[in-house]
Amino acid sequence: MGVGLPFAIGAQFANPDALCLVIDGDGSFNMTSNELYSVAKYELPIKIAIMNDSRQQMVYVWQKLFFDKRFIGTENSNPDYCKLAAAWDIPSVFCDHSDDLSDAVEQFLNTKGPCIAEFKVVPDICLPMVAPGKGLDEMIINRDNNMNSVHVLSYVPKDGLAPS
């Protein structure tokens with residue numbers, strides 16, 4: 001969390017002719033939005049998609065599932081991302097309805113140079129997830145529609161190195 005834009009900047013410098021796209025949540029993007037300075041200064045053609053649910057959603061879900069619904073510090077007060085983009089002379093796209101999604105994505109991807117797209121999204125659980133104090137072999141991979149029941153991945157022993 002909070003590394004999408006810096007990683008995209010590094011990837012774009014390493015691959016200057018490649019399309020570099022970062023898909024980031026609003027909470028994560030807010031942590032490093034100051035890096036828009038680098039995008040603008042070096043005219044990096046990075047496409048930045050912000051999934052804005054106005055929440056620290058992963059933390060919210062943890063608080064709901066594992067901390068007895070004691071919510072604190074999970075609601076974001078976000079800037080207007082299109083105005084933030086304009087402050088850096090970066091074009092932007094805004095989409096707040098699924099009917100406009102195809103056109104917004106097309107405009108976003110076809111904008112010459114950098115572009116920020118803000119997509120208003122409905123908060124939802126992000127899976128897979130590892131609960132506090134649990135190991136990767138106890139990863140939550142599924143849920144019911146009310147997030148009341150979660151299903152844990154069965155442990156499967158692995159031999160050798162991870163695939164590369």
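These numbers come from the heavy atoms of this one structure, side chains and all, not from hydrogens, waters or symmetry mates. In this chain, numbering begins with 1 at the start of the sequence shown. In this text the structure is predicted, and so the values were computed from the model without any measurement.
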Under a 4.5 Å cut-off applied to non-hydrogen side-chain atoms, are [X] and [Y] in contact?
X      : Y      : value
Asp53  : Asp124 : no
Lys120 : Phe94  : yes
Ile48  : Asp24  : no

Report all side-chain donor-acceptor pairs from residues 102-113 shorter than 3.5 Å, counting only partners two or more places apart or in another chain.
unit_1 : atom_1 : unit_2 : atom_2 : d
Asn110 : ND2    : Glu106 : O      : 3.0
Thr111 : OG1    : Gln107 : O      : 2.6

Remaining members of the apolar cluster that contains [X], side-chain heavy atoms under 4.5 Å:
X     : value
Phe7  : Val3
Val59 : none
Leu19 : none

(request) Kindly write out the residues that satisfy side chain to side chain donor-acceptor pair (under 3.5 Å) with Thr32, not counting sequence neighbours, or none if the list is empty. (result) none
(message) For Ser92, give me all partners under side chain to side chain donor-acceptor pair (under 3.5 Å), at least two apart in sequence or on another chain.
(response)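 Ser92: no side chain to side chain donor-acceptor pair (under 3.5 Å) contacts found.
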(request) Looking only at non-hydrogen atoms, find the nearest pair between Val130 and Gly135 and report the distance. (result) CG1-O, 3.8 Å
Quick check for you: to the nearest 0.5 Å, what is the distance between [X] atom [atom1] and [Y] atom [atom2]?
X      : Y      : atom1 : atom2 : value
Met129 : Glu138 : CE    : CD    : 14.5 Å
Leu84  : Leu36  : CG    : CG    : 5.5 Å
Ile46  : Cys20  : CD1   : SG    : 5.0 Å
Gln57  : Ile125 : CD    : CD1   : 8.5 Å

Check whether [X] and [Y] end up in the same hydrophobic cluster, where Ile, Leu, Val, Met, Phe, Trp and Tyr are linked by side-chain heavy atoms less than 4.5 Å apart.
X     : Y     : answer
Val93 : Trp88 : no
Ile9  : Ile23 : no
Val22 : Met51 : no
Ile50 : Leu44 : yes

(message) Can you list everything that forms a side chain to side chain contact (heavy atoms under 4.5 Å, CB included) with Pro132? Sequence neighbours excluded, please.
(response) Trp62, Phe66, Phe67
(request) Sequence neighbours left out, what pairs pass side chain to side chain donor-acceptor pair (under 3.5 Å) with at least one residue falling in residues 10-23? (result) none
(message) For Phe13, give me all partners under ring-ring contact (aromatic ring centres under 6.0 Å, His included), at least two apart in sequence or on another chain.
(response) Tyr42
Side-chain donor/acceptor pairs under 3.5 Å, residues 70-80, sequence neighbours excluded:
unit_1 : atom_1 : unit_2 : atom_2 : d
Glu75  : OE2    : Arg55  : NE     : 3.3
Asn76  : OD1    : Gln56  : NE2    : 3.1
Asn76  : ND2    : Asp26  : OD2    : 2.9
Asn78  : OD1    : Asn30  : ND2    : 2.7
Asn78  : OD1    : Tyr81  : OH     : 3.1
Asn78  : ND2    : Asp26  : OD2    : 2.8
Asn78  : ND2    : Asn52  : OD1    : 3.0
Asp80  : OD1    : Cys82  : N      : 3.0
Asp80  : OD1    : Lys83  : N      : 3.0

